[in-house]
Amino acid sequence: MSVWGVVLAGGGGTRFGGLKQFARLGGQSLLERVVSVALASCDGVVVVLPAGHDWNGPGIRATGGSTRAESVRAGLAALPGDASIVCITDAAHPLAGSVLYERVIGAVRAGADAALPGLPLTDAVKRVQMVNDEPHLLGVAGATTPAGGHVSAQMPMAFSLPVLLRAHREIADAVEDSAMVGAAGGRVVVVPGEPTNVHVTTPDELVVAQALLPLTH
Ligand SMILES: Nc1ccn([C@@H]2O[C@H](COP(=O)(O)OP(=O)(O)OP(=O)(O)O)[C@@H](O)[C@H]2O)c(=O)n1
Ligand SMILES: C[C@](O)(CO)[C@H](O)COP(=O)(O)O
């Protein structure tokens, strides 16, 4: 069974203020770091880039779309015919280490349709109506969900490739791919995530990733 990675780096980095996939972290770009870890855990990688951008690292290139799901489909279309398990990851999770690949790939090999790392939430989650016209406020609070029984969904996620392809044929869009597989009736399991596996969306989060870098393995 051949295991391939799809590294998503086709986004515009709106919240970061630019193409964060090419920002530097510990002497490498986020994209270089993520591709290097993916290659250590997979037989090969497809790198999904923004239209009009290339990079000089390894992997099969694909051009991203206007939504995350479209970028995933562009990556899946570039996979070789012998791929049977695919790991979807992204340049926004530069500290995801090989242990997470081992866990999610192992869960799919053991029979799950999809597997993702989850980090148990410890703070309650508030629905918020965001406001833009009051600088001292983020928004107005609505319903509250207790933290218990919830995790934040991390990357990388692993999939049985036929199941993921079927989910993408049935469902046009979703926040992420394991949600698509779940909505299409697949069995999605959660393995332990890592607190250092931050999602870099803003420059502040890149500073956090820089501080956490020495703690990663
Ligand atoms: N059309 C898109 C949108 C996102 N991504 C990738 O998906 C990952 C997670 O997305 P996110 O963190 O939201 O990054 P951006 O879409 O770049 O940021 P923003 O939402 O702030 O514009 C990133 O590696 C991003 O490059 C992608 O390949 N194609
Ligand atoms: C894919 C993801 O990082 C998993 O937690 C998250 O869903 C991405 O969300 P975004 O709204 O596209 O940044």
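Checked by atom type and distance alone, the side chain of His150 pairs as donor or acceptor with a backbone atom of Gly148 at under 3.5 Å. Checking side-chain atoms of Glu205 against main-chain N and O of Thr201 turns up a donor-acceptor pair under 3.5 Å. Side chain of Asp43 to main chain of Trp4: no donor-acceptor pair is present (N/O by atom type, distance under 3.5 Å, no hydrogens or angles). Gln21 contributes a side-chain N or O that, together with a main-chain N or O of Gly11, makes up a donor-acceptor pair within less than 3.5 Å. Gln210 places no side-chain N or O within 3.5 Å of a backbone atom of Leu213 that could act as its donor or acceptor partner. Looking only at distances, no side-chain donor or acceptor of Glu194 sits under 3.5 Å from a matching main-chain atom of Thr196. Side chain of Asp90 to backbone of His93: a donor-acceptor contact under 3.5 angstrom is found. The backbone N or O of Gly65 lies less than 3.5 Å from a partner atom in the side chain of Ser71, making a donor-acceptor pair. Listed for the Arg61 side chain is a donor-acceptor partner under 3.5 Å among the backbone atoms of Trp55.
Rounding to the nearest 0.5 Å places CG of Leu206 at 6.0 Å from CG of Leu30. Taking CG of Leu25 as the start and NZ of Lys20 as the end, the distance is 13.0 Å to the nearest 0.5 Å. Note that CD of Glu170 is 11.5 Å distant from CG of Leu165, once rounded to the nearest 0.5 Å. Residue Leu137 holds its CG atom at 12.5 Å from CD of Gln129, rounded to the nearest 0.5 Å. Between Ile85 atom CD1 and Phe159 atom CZ the span is 12.0 Å, to the nearest 0.5 Å. Separating the CG atom in Leu79 from the CG atom in Leu161 is a distance of 6.0 Å, to the nearest 0.5 Å.
Nearest heavy-atom pair, Pro214 versus Ala211, reported as atom, atom and distance to 0.1 Å: CD-O, 3.2 Å. Closest of all the heavy-atom pairs between Ala158 and Val108 is O-CG2, 3.5 Å. Between Thr89 and Tyr101 the shortest heavy-atom distance is CG2-OH, 3.4 Å. Summarising the geometry of Val47 relative to Pro58, their closest heavy-atom pair is CG2-O, 3.8 Å, with the distance given to 0.1 Å. Among all heavy-atom pairs drawn from Val46 and Ala62, the shortest one is CG1-CB, 4.0 Å. Of all non-hydrogen atoms in Thr144 and Ala124, the two that sit nearest each other are CG2-CB, 4.1 Å.
Within the 4.5 Å cutoff, side-chain heavy atoms of Leu116 are placed close to those of Val188. Side-chain atoms of Pro117 and Val104, non-hydrogen and from C-beta on, do get closer than 4.5 Å to each other. Residues Ser29 and Arg24 have side chains in contact (heavy-atom distance under 4.5 Å, counting atoms from C-beta outward). Within the 4.5 Å cutoff, side-chain heavy atoms of Leu49 are placed close to those of Leu31.
By the rule that hydrophobic residues join a cluster once side-chain heavy atoms approach within less than 4.5 Å of another member, Val163 and Met155 end up as members of one cluster. Hydrophobic cluster membership differs between Ile105 and Ile88, with clusters built from Ile, Leu, Val, Met, Phe, Trp and Tyr side chains linked at under 4.5 angstrom. With hydrophobic clusters built from ILVMFWY side chains whose heavy atoms lie under 4.5 angstrom apart, Val35 does not share a cluster with Val3. Under the 4.5 Å side-chain heavy-atom criterion for grouping Ile, Leu, Val, Met, Phe, Trp and Tyr, Leu212 is not connected to Val34 through any hydrophobic cluster. Hydrophobic clustering keeps Val190 apart from Leu100 (ILVMFWY residues linked when any side-chain heavy atoms are closer than 4.5 Å, directly or through intermediates).
Contact check on Arg109 versus Glu102 returns no salt bridge, with no Lys/Arg side-chain nitrogen under 4.0 Å from an Asp/Glu carboxylate oxygen.
The environment of Asp133 atom CG is dense: over 12 non-hydrogen atoms of other residues, nucleotides or ligands sit within 6.0 angstrom.
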